[in-house]
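Residue numbers begin at 1 in each chain, while the letters A, B, ... track the order of the sequences.
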Amino acid sequence: MKLVTAVIKPFKLDDVKTALELHGVEGLTVSEVQGFGRQRGHTEVYRGAEYQVDFVPKVKIEVVVSAERSAAVVDALVEAARTGQIGDGKVWVIDIEDLARVRTGERGPDAL
Amino acid sequence: MTTASADQVPLRPSEVAGAPGRLERAELLDRWLTSLLPNRPGLALVAVGGLGRREPAPYGDLDLILVHDRIPDIASVADAVWYPIWDAGLRLDHSVRTVEQSVRVAGADAVAGLGLLDVRRIAGDEELAERLRHAVAASWRAKARRLLPLLRDERTRRGELAGDTAYLVEPDLKEGRGGMRDVLVLRALAAAQLSDQPGPTVETAYALLLDVRDALHRSSKRRTDVLVRQEQIPVMQTLGLQTEDELLRMVSGAARTISFAMAAGWRRVGTGLGAGGGNGFLRRRKPVRTPLLEGVVAHLGEVALARGVDPGEDPVLPLRVAAAAAESGLPISPATMAVLVERHQPLPDPWPDAARTWFVRLLAAGRGIVEVFEAFDQSGLLQEYLPEWQRIRALPQRHPLHLYTVDRHLVETAAVAAELTRRVRRPDLLLIAALLHDIGKGGEGEHCVEGAEIAAPMARRIGLDEDEVDTITLMVGQHLLLPHTALRRDPTDSATIGLIADRIGNRLDQLDLLHALSEADARATGPGVWSPWRAHVIADLVHHVAAALAPDIPHEPKTSAAVKSQGSAGSNEPRPTQADDGSLRVVLRPDLDGFEVAVDSVDQAGLLSQIAGVLALHQLEIRQAAVSSVGGHVHDVFAVRPLFGRPPEPSLLAADLRSSMTGTLPLAERLTARERAYPRVTRVAQPTEVIWYDDAAAEATVVEVRATDRAGLLYWLTSVFEEVGIDVISARVETFGADAIDVFYLPVDATRTDQVRRRLSGMLQAAAEGP
């Protein structure tokens, strides 16, 4: 089992969600996060007032999938989240040791 | 003491609902507890709390006191009583006391004193239990004066924690404002012989909350008083209702009744408890009437009508009372409310200017409007002024983020919007749109679309013109546009920007309004909804759209007649009065909502500020002004309203103006003194905004000052220009309720550099905010 984590632009969430559903992903966790990557913060001028944008708002998606599906899920995610512009985000995958479904107590792949 | 073991106690029949169920539980518990007490003289088991009142909740606590007449081995007796109860898995609040100890506790702690009023003998020495009952009742009556303020503070604190039972989507049936505890307090006020017993409507409301709480206990199998969302369906089914909305509306109705009775109860026991109450509790004070607004005074901590004011003669009076109450944070006196309900005149359709002005000023008051809306809602006046309110009244929200019912959410949104008025060119439209934005909820269709259709005729009735009605319609219809787009579309994409620009008619002023409305809406929804994250995402979108739109420029004032003439043509139109000595002419002309003052004079430096100062000195509130100077001749027109009573004679104004022009009238000094004598009631404090525009006019630089309106504001602002030697070419002043937006046209040369502008901005801010 793999944990696929992606940090994407907020407005891409709907597209990504649709793409993941097509790939049989049945649940995902979304959080509102802020950060910066190579794009860095920037200075905005709005109505004469300058403000420093240190962190850019992003959405973080976490989804647990079976090992064999993870590559396809990452591909789908990247495809759906891409705008081609700076700040599109990142996706990373890590191994999961164990998994449990709280309601039933099922363990491992059964809990997916 | 887990809830699972409580299930095994044969004391909780689960099937009988309502009052019969409560009685049955009480009888079973009584019988069982009786069997636990050894039969000895000088010993009694009494119950307080729910069992004391014969209404124990299915999973409630037992509040028991073992009363004794100084029995030496009382500890072992107590163990014999308490242990079986603990073993049965019941939650037990227990104490062992003599009558004297109980009275001491009741006299020291208001909450304990309140609880002991419900004391009831379950088993044991009858004479002893009766002695206890009499002693605590007598002690309560004797010490009420000292205990009630403490009890009130405690209730306020609890109420703040638990919120309003009437408006929360997950109401606290017991501790919330308007919850069951308030009824116990009302009964305690009556027990102290300070007010009447709660009436049948309050008792019915209390019984209803008890029924809901019992059903909640049975479906959740827990000791809880908060009607959480997941239990609403089972509770509604237990009570035989059709929908959760029906359940929440019932709870809301009951809680409103209780809350209102509670507020009246506290006022009855001690006027002057509210703001500035302090130690005035239960003490008769010499009544002092402080004028708040025309015809409205503060009296014994309440808002009341001034002597001789008749609501029958002034249809706008209720709105002025509302504005005064919201701004001062004082409750409206029940007697005043009753007179308003009985004697008020219906407002014409559309509302006159004065009605709209006071309505906007009410909305601009911030937090204070919550209580005012409640009072107007309870009295029925709100539904009369805004009949459409009925559709969203006490309507629950079916969204996990929402904290309040729709009506309360609207009022909360307006209260938040009052903190954001500096960000927009039209504070009045922001406030009205905030109050109406969800008016379309509760129907079949999409609430934004339906809301826009409902809001348009409301805005027209409030007296807005067609352009303003369009803005309100747009804001209500599009109030989700920014948050939805920001989360679904690329803010840098020209298609996204084009979409937003198109929806808002390419108007930057509308974009600002929508932006402020989005924030007010989210902040009024619940904690954490307007997160920095969300604020940032939306600001980013707004920023991109704003950059694509043409700069927003204040309209150039017309040279004359810029002030809307509001005088109605007709034979009975009041005649203008004037003072004219050739070089200076002052004309005073009544209009529907005050007066128009026109001043014609030979120009001289600082004249505008002197006129503004003289008007303020004569207690005239400047609502609009258009000033212009052509060829050394000045023609300034002001729309003013007397703060109190009649306006002065024009000759007096002219005389003061002449002495001010010759330097014999110390305007600044006199105005400062006046301001000290009439301190303004508290308001949402927002910093003054000063915005510079370069391209607004060909021959002038434009500076816009957005500030809280106050007496002499225009005088203080224009004094700044006089001080630095800049001539104001023309000016336009408008007030929107409590906010003023003053636009000044200044010579380009004098205001070119950033340094000069920064200095001027600072001076204008200081001048607007005053000492």
Side-chain angles (χ1 to χ4, degrees), chain A residues 5-22 27-62 77-90 102-103, chain B residues 401 422-425 482-497 499-500 508-509 511-512 515-516 522 528-549 551-553 687 689-695 703-704 706 754 757-758 761:
Chain A
T5 306
V7 172
I8 60 168
K9 287 185 168 171
F11 63 88
K12 277 295 182 182
L13 178 61
D14 275 356
D15 295 347
V16 167
K17 186 166 150 270
T18 311
L20 292 181
E21 276 166 357
L22 284 177
L28 55 86
T29 307
V30 178
S31 358
E32 297 173 353
V33 295
Q34 304 189 60
F36 67 84
R38 279 199 298 184
Q39 138 196 39
R40 286 282 162 182
H42 51 283
T43 304
E44 300 270 16
V45 179
Y46 180 51
R47 304 220 117 174
E50 206 173 81
Y51 64 97
Q52 181 71 29
V53 181
D54 289 330
F55 296 107
V56 186
K58 298 282 178 196
V59 163
K60 184 165 87 170
I61 299 176
E62 287 162 306
L77 221 162
V78 167
E79 183 61 31
R82 182 184 295 141
T83 70
Q85 311 252 321
I86 196 158
D88 267 358
K90 280 209 173 40
V102 174
R103 177 170 53 86
Chain B
L401 291 177
R422 282 303 174 271
R423 302 216 204 136
V424 297
R425 180 67 52 73
L482 293 179
H484 279 181
T485 311
L487 293 173
R488 290 188 178 90
R489 301 288 192 92
D490 184 349
T492 59
D493 188 343
S494 59
T496 309
I497 294 167
L499 169 97
I500 305 269
L508 205 50
D509 58 336
L511 181 68
D512 285 341
H515 189 189
V529 177
W530 187 249
S531 61
W533 186 90
R534 196 158 287 250
H536 193 156
V537 171
I538 291 173
D540 197 38
L541 174 66
V542 168
H543 168 68
H544 279 103
V545 177
L549 292 177
D552 199 21
I553 292 165
E689 284 268 337
V690 179
I691 303 166
W692 293 89
Y693 300 90
D694 273 322
D695 311 320
V703 61
E704 182 176 303
R706 299 176 179 177
D754 280 349
R757 290 183 183 185
R758 262 199 299 276
S761 294

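- Interatomic distance, OG1 of B/T492 versus CZ of A/F11, reported as 6.0 Å (0.5 Å rounding).
- Using a 4.5 Å cut-off between heavy atoms, B/R489 contacts chain A through its backbone alone, with no side-chain atom that close.
- Of the atoms belonging to B/T496, not a single heavy atom falls under 4.5 Å from chain A.
- One finds the CG atom of B/L487 at 14.5 Å from the NZ atom of A/K9 (value rounded to the nearest 0.5 Å).
- B/W533 places a side-chain N or O within 3.5 Å of a backbone atom of A/V33 that can act as its donor or acceptor partner.
- Note that NE2 of B/H536 and CD of A/Q34 are 7.0 Å apart. Values are rounded to the nearest 0.5 Å.
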